[in-house]
Asker: 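Quick one: the structure is below, and I'll ask about it shortly.
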Amino acid sequence: MKTQKREKMKNRFKSYRWRKKNSTSIYFLLWAIFAALSFLVMSVASISQRIILSQSYKQEASREVTEKGRQVKGVLSRDVPEWTGGNYSGFLRFLSQTYDVRICILTESGEVLFPQEENFSPDAPELQEGLGFAEEMDDLLKALEHSEESYAVHDSGDEYVYITKIPMYQDSSTYLYVGKSLMLLQMSISRMNVRVGLVFVFLLVLSFAISSAVAGWLAKPLSEMTDKAWLLAQGDFNVDFHGTGYGKEMAQLAESLNFARDELSKTDRMQKELIANVSHDFKTPLTMIKAYASMIMEISGDIPEKRNKHAQVIVDEADRLTSLVGDVLDLSKIRSGIDVLKKTDLDMSAYVYETLDRFAYFKDEHGYSFITDIDEELYTCVDEQKIGQVLYNLIGNAVNYTGADKKVYVRLKKETKECFRFSVTDTGKGIKPEELPDIWERYYRSSETHKRPVKGTGLGLSIVKTILQKHELAFGVDSEVGKGSTFYVIFPYSAEKEENASVNA
């Protein structure tokens, strides 16, 4: 049996490992998420920095070319200084060097009037091809036309251009062209790209390392809990789950797993006790049946009185065995959900009296007293057969554990407009506070010894608990050591009873 169990567990582990190999680990997922996030943040930062730098430089270039264009226009609006010797082209080149801009005087068609080299004719093709602004002039004139000022600033791609009309000849339109090169921006961006690229690679490697460390730190408790969970699945209830230092949620998970461990341990212990007790309870009547059957065959077969006595023992033990099997099957069916509740309206007042009639034998033969306090016509909607088991088991439990006065108090009283209360009280030694949580478990035995006139299987209160939980009814026990115990159940009125009560009211 153990070998088969180990093989089964081994196969489950193989299946688990296969699923583990064919699924993505949370460590990799966390690392990938953190790494992708780092990459995204750095990419956005790099691109935004480049955009911001470009826009800032262009704004500064636009402002600068506008300011210097106005200054140049102001200078040209006056006469050419005498020290230039009347060399207008030389004066413009002087201004260009002074203001660090390119200065030209253009016609409306884009022809360069100034500055000109003395060795070249203005009509020379080489000069027109090198200095001509015919294509660009159309864009400049459109920009000037749409400008609300007397000038316009135009982005020609390689430089920012200040264009304005300047009077030089009476019969022709001439324009002042002042250009600020963007080469510095392009060089700055190029250098920045190299630097940012190096920083980007460094930070990316660093972020991958940090992501790996953080992912490992977060995945570590989960990995440990997984390994311990498999140990728990193998029956090791000494494992301890802990998530301290990994956040509130991990600590809560560890606490929940520890709670599950304790409950599984309790269930495993109860299961072993159940098997041991059931095996013992099965073995005892079977041994008795076999022994008395042998006695009939060997000793009392020809003696009617002894034969009948021995045969009655066999019958009693068979009844006890049948009762045990019935209780085990009932408990199994109720807990598994196979046995569906069949609820009907039931007069609990009459039903309690009917259940008490089954204990008349103990009243007549053993001197037990059943003191009742039962309100009439209290209806509820329940499964009659299952609630009958509850009433019988609770009253039988009180008979078994009541005191020397052999008194059992049975009450059925109205509580509120919505419900009434059934209770059974004994006068026994009571239940210790530390034992109260366990009395509803299968095969629970009180630490006190009792002579039990009502034959039971040890499953009575467990069956009661299961049936009442299926009905979703409130129940419990109040007990005081030395004074006895009271088991109670709260029943809601049936819908029909509530309607009649409201009409009568």
Asker: Rounded to the nearest 0.5 Å, what separates atom CG in Leu391 from atom OG1 in Thr355?
Answerer: 4.5 Å
Asker: Verify the neighbour count for atom CD of Gln385: are there more than 12 heavy atoms of other residues, nucleotides or ligands below 6.0 Å?
Answerer: no
Asker: Looking only at the aromatic ring of each residue, does the gap between the centers of Phe359 and Tyr368 stay below 6.0 angstrom?
Answerer: no
Asker: Before you tell me yes or no, could you show the steps for Met348 and Tyr379 under side-chain contact (heavy atoms from CB on, under 4.5 Å), namely the whole-Å CA-CA distance, both residues' side-chain angles and the distance that decides it to 0.1 Å?
Answerer: CA-CA 6 Å; Met348 284 295 295; Tyr379 288 83; over 6 Å; no
Asker: Give me the atom names and distance for the closest heavy-atom approach of Gly367 to Lys406.
Answerer: O-CB, 4.0 Å
Asker: When rounded to the nearest 0.5 angstrom, what distance separates CD1 in Ile387 from CD in Gln389?
Answerer: 9.5 Å
Asker: If you count every heavy atom of other residues, nucleotides or ligands that lies below 6.0 Å from Glu255 atom CD, does the total exceed 12?
Answerer: no
Asker: Determine whether the aromatic ring centres of Phe491 and His471 lie less than 6.0 Å apart.
Answerer: no
Asker: If I compare all heavy atoms of Ser479 with all of Gly484, which pair ends up nearest, and what's the gap?
Answerer: OG-O, 3.4 Å
Asker: Drop me the distance from Tyr488's OH to Leu412's CG, to the nearest 0.5 angstrom.
Answerer: 15.5 Å
Asker: Taking atom CD as the centre, does Glu472 end up with more than 12 heavy-atom neighbours from other residues, nucleotides or ligands that are less than 6.0 angstrom away?
Answerer: no
Asker: Is it the case that the side chain of Thr427 and the backbone of Thr402 share a donor-acceptor pair, with hydrogens and angles ignored and the cut-off at 3.5 Å?
Answerer: no
Asker: Does the Ser349 side chain pair with the main chain of Glu377, one donor and one acceptor, at a distance under 3.5 Å?
Answerer: yes
Asker: Looking at every heavy atom in both Phe422 and Val424, which two are closest together, and how far apart are they?
Answerer: CZ-CG2, 3.3 Å
Asker: Go through it in stages, so that I can follow the logic: the residues are Tyr493 and Phe420, the test is ring-ring contact (aromatic ring centres under 6.0 Å, His included), and I'd like the CA-CA distance, side-chain angles, deciding distance and then a yes or no.
Answerer: CA-CA 7 Å; Tyr493 288 113; Phe420 57 91; 5.4 Å; yes
Asker: One pair to check against side-chain contact (heavy atoms from CB on, under 4.5 Å): Val464 and Phe475. What are the steps and the verdict?
Answerer: CA-CA 10 Å; Val464 168; Phe475 63 95; 5.6 Å; no
Asker: Is it the case that over 12 heavy atoms from other parts of the model lie below 6.0 angstrom from the NZ atom of Lys343?
Answerer: yes
Asker: State, to 0.1 Å, how close Lys386 and Ile467 come at their nearest heavy-atom pair, and which atoms those are.
Answerer: O-CD1, 3.5 Å
Asker: Among Lys414, Arg421, Lys413, find the residue that satisfies the side-chain hydrogen bond (donor to acceptor under 3.5 Å, both in side chains) test when tested with Asp375.
Answerer: Lys413
Asker: Please determine whether the number of non-hydrogen atoms from other residues, nucleotides or ligands lying under 6.0 Å from atom CZ of Phe259 exceeds 12.
Answerer: no
Asker: What's the separation between atom OG in Ser423 and atom CG in Leu394, rounded to the nearest 0.5 Å?
Answerer: 10.0 Å
Asker: Between Ser147 (side chain) and Ala143 (backbone), is there a donor-acceptor pair under 3.5 Å?
Answerer: no
Asker: If I take atom CG from residue Leu346 and atom OG1 from residue Thr380, how far apart are they, to the nearest 0.5 angstrom?
Answerer: 7.5 Å
Asker: Can you list the steps and then say if Tyr351 with Asp347 is a side-chain contact (heavy atoms from CB on, under 4.5 Å)?
Answerer: CA-CA 6 Å; Tyr351 199 55; Asp347 183 353; over 6 Å; no
Asker: To the closest 0.5 Å, what do you measure between CD (Gln55) and OG (Ser48)?
Answerer: 10.5 Å
Asker: Could you tell me whether Lys407 and Asp426 have a side-chain N and a carboxylate O separated by less than 4.0 Å?
Answerer: no
Asker: Under 3.5 Å, side chain of Thr372 to main-chain N/O of Ile374, donor-acceptor pair present?
Answerer: no
